[in-house]
Amino acid sequence: MARVRYGARTEAEIAASREKSSKLPDIWSTGVVAVWETDPDVVAAVLPPPLKPADRPLVRANISKVDLPGYPLGAGSVAVAAQHDGVEGWYPLVMPMTHERALTGGREVFGEPKKLGEVTVERDGLVVRAALARHGIAFVEVRGAVDRPLPLPEPNQKTDFYFKFLPAVDGSGFDADPVLVHCVRNEKVRKLEHITGDVVLRESMFDPVADLPVRRIVEITIGEKTTDQKGRVVERVSAQALLPYIHQRYDDPMQILDGPPEGSL
């Protein structure tokens with residue numbers, strides 16, 4: 001009988017797949033990072049418990065292009081500075097990706113708030129433009145010019161906070177208590193330049209980052225870096241406390257109840 005591709009894979013095939021993924025070479029991306037100060041009460045408002053605001057009310061937009069062979073990828077995020085149990089990190093509100101493959105693992109394994117979107121990173125000489133867009137709206141745009149090289153930082157670790165959950169089948173909440181994930185990224189940088197420019201936030205009902213106003217730009221850079229990441233569940237969190245924030249994950253929270261039209265199966 002011919003191989004049935006939906007059939008079960010052997011233990012050897014599963015082990016080989018894991019080994020292959022653990023030996024991936026460094027993948028370098030070119031990206032623009034903009035960090036700005038916003039209003040402290042806005043940061044506090046978007047953080048689900050048990051996350052708390054960091055000492056400074058910072059927002060970070062990361063907009064990158066990854067030149068994967070035969071599979072160029074655009075990836076971005078908008079995150080606010082946060083802390084949990086003595087750990088400083090970032091809580092991403094939205095993470096646009098240009099391909100579905102980049103969505104699946106991040107959402108299902110780590111609980112990342114990834115959505116399909118458009119990612120632009122353009123450079124013409126010293127002039128740089130980077131943007132994140134969905135539904136035809138470039139809700140974050142960074143514009144400016146490179147004015148000087150920056151010293152390369154030492155390899156470092158950065159932590160992102162995610163909530164991993166499954167909406168309940170009957171729409172009443174969650175199927176089990178959500179978990180808080182610490183995702184640690186090891187980052188290496190091989191090129192870094194400073195940009196003098198500005199950050200433009202545009203109104204979008206789907207990605208309302210315009211609610212995080214730019215009060216003062218801290219830094220804008222463009223660089224080449226590679227990262228790996230590992231996540232761990234640090235605690236289970238209150239479903240009741242997280243439920244008011246579930247809309248952050250979806251364009252329409254009611255879409256979690258979408259199914260095929262009655263009688264179509």
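Along the sequence shown, residues carry numbers from 1.
In this structure, CG in Asp228 is found 4.5 Å from CG in Asn186, a value given to the nearest 0.5 Å. The distance from atom CG of Leu201 to atom CD of Glu141, rounded to the nearest 0.5 Å, is 10.5 Å. A distance of 13.0 Å separates CZ in Arg129 from CD1 in Ile195, rounded to the nearest 0.5 Å. We find the SG-CZ distance between Cys183 and Arg232 to be 11.5 Å, quoted to the nearest 0.5 Å. Annotation: the span from His194 atom NE2 to Thr221 atom OG1 amounts to 8.0 Å, rounded to 0.5 Å. For the atom pair Glu122 CD and Lys65 NZ, the distance stands at 8.0 Å (nearest 0.5 Å).
In plain terms, the two heavy atoms of Gly173 and Leu243 that are nearest each other are CA-CD1, 4.1 Å. Residue Ala81 comes nearest to Leu47 through the heavy atom pair O-CD1, 4.3 Å, listed as atom of the first residue, atom of the second, then distance. Nearest heavy atom pair, residue Pro113 against residue Pro92, reads CG-O, 3.5 Å. In plain terms, the two heavy atoms of Pro167 and Asp175 that are nearest each other are O-OD2, 3.5 Å. The nearest pair of heavy atoms linking Pro72 to Thr98 is O-OG1, 4.4 Å. Across Pro50 and Val237, no two heavy atoms sit closer than the pair CD-CG1, 3.7 Å.
At distances below 3.5 Å, not a single donor-acceptor pair connects side-chain atoms of Glu118 with backbone N or O atoms of Gly136. At distances below 3.5 Å, not a single donor-acceptor pair connects side-chain atoms of Arg190 with backbone N or O atoms of Glu224. Within the 3.5 Å criterion, the main-chain N or O of Gly89 finds no donor-acceptor partner in the side chain of Thr159. At least one donor-acceptor pair under 3.5 Å links the side chain of Thr104 to the backbone N or O of Glu100. Remark: side-chain polar atoms of Arg107 are not paired, donor with acceptor, to backbone N or O of Ala102 under 3.5 angstrom. The backbone N or O of Ser204 lies less than 3.5 Å from no partner atom in the side chain of Arg202, so there is not a single donor-acceptor pair. Remark: the backbone N or O of Asp41 is not paired with any side-chain donor or acceptor of Asp39 at under 3.5 angstrom. Under a 3.5 Å cut-off, the side chain of Arg236 and the backbone N or O of Asp177 do form a donor-acceptor pair.
Clustering of Ile, Leu, Val, Met, Phe, Trp and Tyr side chains at separations under 4.5 Å leaves Val200 isolated, with no partner residue. Taking Ile, Leu, Val, Met, Phe, Trp and Tyr as hydrophobic and joining them when side-chain heavy atoms fall under 4.5 Å apart, one finds Leu116 in a cluster with Met95, Met97, Leu103, Val109, Phe110, Tyr162, Val179, Val181, Val233.
Val94 places none of its side-chain heavy atoms less than 4.5 Å from the side chain of Lys114. Under the 4.5 Å side-chain criterion, counting only non-hydrogen atoms from C-beta, Arg134 is in contact with Lys115.
A side chain to side chain contact (heavy atoms under 4.5 Å, CB included) with Val80 is found for exactly one of Leu51, Val209, Val43, Thr38, namely Val43. Across Glu187, Gln229, Glu88, a single residue satisfies side chain to side chain donor-acceptor pair (under 3.5 Å) together with Lys158, and that is Glu187.
Leu150 and Ile63 fall into different hydrophobic clusters, where Ile, Leu, Val, Met, Phe, Trp and Tyr residues are linked whenever their side-chain heavy atoms come under 4.5 Å apart, directly or through other members. One hydrophobic cluster, built from ILVMFWY side chains closer than 4.5 Å, holds both Val140 and Val121. Hydrophobic clustering (ILVMFWY, side-chain heavy atoms < 4.5 Å, transitive): Tyr91 and Leu132 are in one cluster. Under a hydrophobic-cluster definition in which Ile, Leu, Val, Met, Phe, Trp and Tyr are linked whenever side-chain heavy atoms come within less than 4.5 Å, directly or via other members, Val32 and Val218 are assigned to different clusters. Neither Val35 nor Leu93 shares a network with the other; the hydrophobic side chains, linked directly or stepwise wherever heavy atoms of I, L, V, M, F, W or Y lie under 4.5 Å apart, form separate groups for each.
Pairs passing the salt bridge (Lys or Arg N to Asp or Glu O under 4.0 Å) check and including a residue from residues 51-61, sequence neighbours excluded, read Glu37-Arg56, Arg60-Asp160. Identified under the ring-ring contact (aromatic ring centres under 6.0 Å, His included) test for residues 32-63, with sequence neighbours left out: none. The list of ring-ring contact (aromatic ring centres under 6.0 Å, His included) pairs with a residue in residues 141-160, not counting sequence neighbours, is empty. Each ring-ring contact (aromatic ring centres under 6.0 Å, His included) pair with one or both residues in residues 201-225, not counting sequence neighbours, appears once here: His135-Phe206.
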### Query
For Val128 and Val142, what are the C-alpha separation, side-chain angles and deciding distance, and is it a side chain to side chain contact (heavy atoms under 4.5 Å, CB included)?
CA-CA 8 Å; Val128 175; Val142 182; over 6 Å; no
### Residues Thr196, Asp147; criterion side chain to side chain donor-acceptor pair (under 3.5 Å); working and verdict
CA-CA 7 Å; Thr196 295; Asp147 56 16; 2.4 Å; yes
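Atom CG of Asp124 has 12 or fewer heavy atoms from other residues, nucleotides or ligands within 6.0 Å. Environment of CZ in Arg123: crowded, with over 12 heavy atoms of neighbouring residues, nucleotides or ligands closer than 6.0 Å. Heavy-atom contacts from other residues, nucleotides or ligands closer than 6.0 Å to CD of Glu13 number more than 12. Counting heavy atoms of neighbouring residues, nucleotides and ligands inside a 6.0 Å radius, atom NZ of Lys188 does not exceed 12 of them.
In terms of the side chain to side chain contact (heavy atoms under 4.5 Å, CB included) criterion, residue partners of Pro208 (sequence neighbours excluded) are, by chain and number, Asp211. Not counting sequence neighbours, Tyr245 has no partner by the ring pair (Phe, Tyr, Trp, His ring centres under 6.0 Å) test. By the ring pair (Phe, Tyr, Trp, His ring centres under 6.0 Å) test, Phe165 pairs with Phe174, sequence neighbours left out. Residues passing the side-chain hydrogen bond (donor to acceptor under 3.5 Å, both in side chains) test with Gln83: none are found, sequence neighbours excluded. Phe161 is linked by a ring pair (Phe, Tyr, Trp, His ring centres under 6.0 Å) to His182, counting only residues two or more places apart in sequence or in another chain. Qualifying salt bridge (Lys or Arg N to Asp or Glu O under 4.0 Å) partners for Arg101, counting only residues two or more places apart in sequence or in other chains: none.
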